[in-house]
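What follows is one structure encoded as structure tokens, with my remarks underneath.
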Amino acid sequence: MPRSESNEARIARIVERVRSIPPGFVRTYGDIEPRAPRLVGRVLATTHNLPWHRVVRADGTLTQGPRQRRLLVREGVRMRGERVDLDDARLPREL
DNA sequence: GTGATGACGGAAA
DNA sequence: CTTTCCGCCATCA
């Protein structure tokens, strides 16, 4: 089966979804791109000017350690120990 | 072309 | 709670 969607379109969609996360909230890699969460990581690592700290793992743990934690806390995101309280800060998936 | 890798997810033990 | 294993998709050596 050929790709039903170009790579650029997929990347653009990921970037858009990351950009649309408001301060004080987060989304998980899986919520952004269910079929390719690792691709989201690649985009965050290679694309500048993105609120990268608002993207966390599915279980609320952080990918970028203390640095990321500090930015989230500063925005008012509630934490449960070392992880984000997803019940409070997680946004619904986009349809 | 093949195989390893990564800012992941989820199930199983 | 932890570790292990496999699926996922684009990149890169």
Side-chain angles (χ1 to χ4, degrees):
Chain A
M1 285 285 279
R3 282 192 313 278
S4 59
E5 181 181 30
S6 75
N7 301 353
E8 297 194 1
R10 185 187 242 122
I11 302 300
R13 196 182 55 212
I14 291 174
V15 169
E16 201 32 55
R17 285 180 173 173
V18 173
R19 285 223 163 109
S20 70
I21 307 174
F25 291 87
V26 303
R27 268 217 272 267
T28 69
Y29 290 82
D31 284 346
I32 293 171
E33 191 66 24
R35 308 294 191 113
R38 305 190 89 128
L39 180 57
V40 176
R42 244 191 85 66
V43 172
L44 293 181
T46 59
T47 307
H48 297 302
N49 261 75
L50 286 181
W52 56 268
H53 57 285
R54 300 186 189 134
V55 183
V56 305
R57 293 197 183 99
D59 62 358
T61 56
L62 308 177
T63 56
Q64 304 303 297
R67 191 166 90 264
Q68 180 173 15
R69 178 178 180 159
R70 197 181 109 275
L71 291 168
L72 291 174
V73 170
R74 183 157 61 174
E75 290 184 350
V77 173
R78 277 201 229 161
M79 304 293 292
R80 296 177 41 162
E82 290 309 299
R83 34 165 133 174
V84 171
D85 181 350
L86 293 178
D87 293 321
D88 175 66
R90 185 187 205 171
L91 289 176
R93 297 181 295 192
E94 284 185 20
L95 309 175

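Letters A, B, ... mirror the listed sequences (proteins, then strands); counts begin at 1. Just so it is clear, the structure is predicted and the values come from calculations on it, not from any experiment.
Each of A:Ala36 and A:Arg83 was assigned the nucleotide of DNA chain C with the nearest heavy atom; the assignment lying further toward the 5' end belongs to A:Arg83.
Between the CZ atom of A:Arg90 and the C1' atom of B:dG9 there is a distance of 11 Å, given to the nearest Å. The nearest whole Å value for the distance from the CG atom in A:Asp31 to the P atom in B:dG10 is 9 Å. Regarding A:Glu82, its CD atom lies at a distance of 12 Å from the P atom of C:dT2, rounded to whole Å. At whole-Å resolution of the value, CD in A:Glu8 and C1' in C:dC9 are 16 Å apart. Rounding to whole angstrom units, CD1 of residue A:Ile32 and C1' of C:dC8 are separated by 16 Å. What separates CD1 of A:Ile14 from P of C:dC9 is a distance of 12 Å, to the nearest Å. Between the CZ atom of A:Arg57 and the P atom of C:dC8 there is a distance of 21 Å, rounded to whole Å. Straight-line distance from the CZ atom of A:Arg93 to the C1' atom of B:dG9: 13 Å, rounded to whole Å.
A continuous path of ILVMFWY side-chain contacts below 4.5 Å connects A:Leu71 to A:Leu44, so both sit in one hydrophobic cluster.
When side chains are defined from C-beta on, A:Arg42 does not count as touching A:Ile11, because their heavy atoms never get closer than 4.5 Å. For the pair A:Arg57/A:Arg83, no side-chain contact is recorded, criterion being any heavy-atom separation below 4.5 Å from C-beta on. Contact annotation: the side chain of A:Leu91 approaches that of A:Pro22 to within less than 4.5 Å [non-hydrogen atoms, C-beta and beyond].
Residue A:Arg35 places its side chain closer to C:dC8 than to any other of B:dA7, C:dC8, B:dG9. The side chain of A:Asn7 sits closest to C:dT11 out of B:dA7, C:dT11, C:dC8.
Interatomic distance, A:Ile32 CD1 to A:Arg27 CZ, rounded to the nearest 0.5 Å: 6.0 Å. A distance of 8.0 Å separates CZ in A:Arg69 from CG in A:Leu62, rounded to the nearest 0.5 Å.
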Output one line per pair: protein atom, nucleotide atom from nucleotides 1-6 of chain B, and distance, for all N/O pairs under 3.5 Å.
from, atom 1, to, atom 2, distance (Å)
B:dG6, N7, A:Arg38, NH2, 3.1

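As judged by a 4.0 angstrom heavy-atom cut-off over every strand, A:Ala58 is placed among residues touching the sugar-phosphate backbone only.
Judged by distance alone, the side chain of A:Glu33 and the main-chain N or O of A:Ile14 form no donor-acceptor pair under 3.5 Å.
Taking only side-chain nitrogens and oxygens, A:Arg10 comes nearer than 4.0 Å to OP1 or OP2 of C:dA10.
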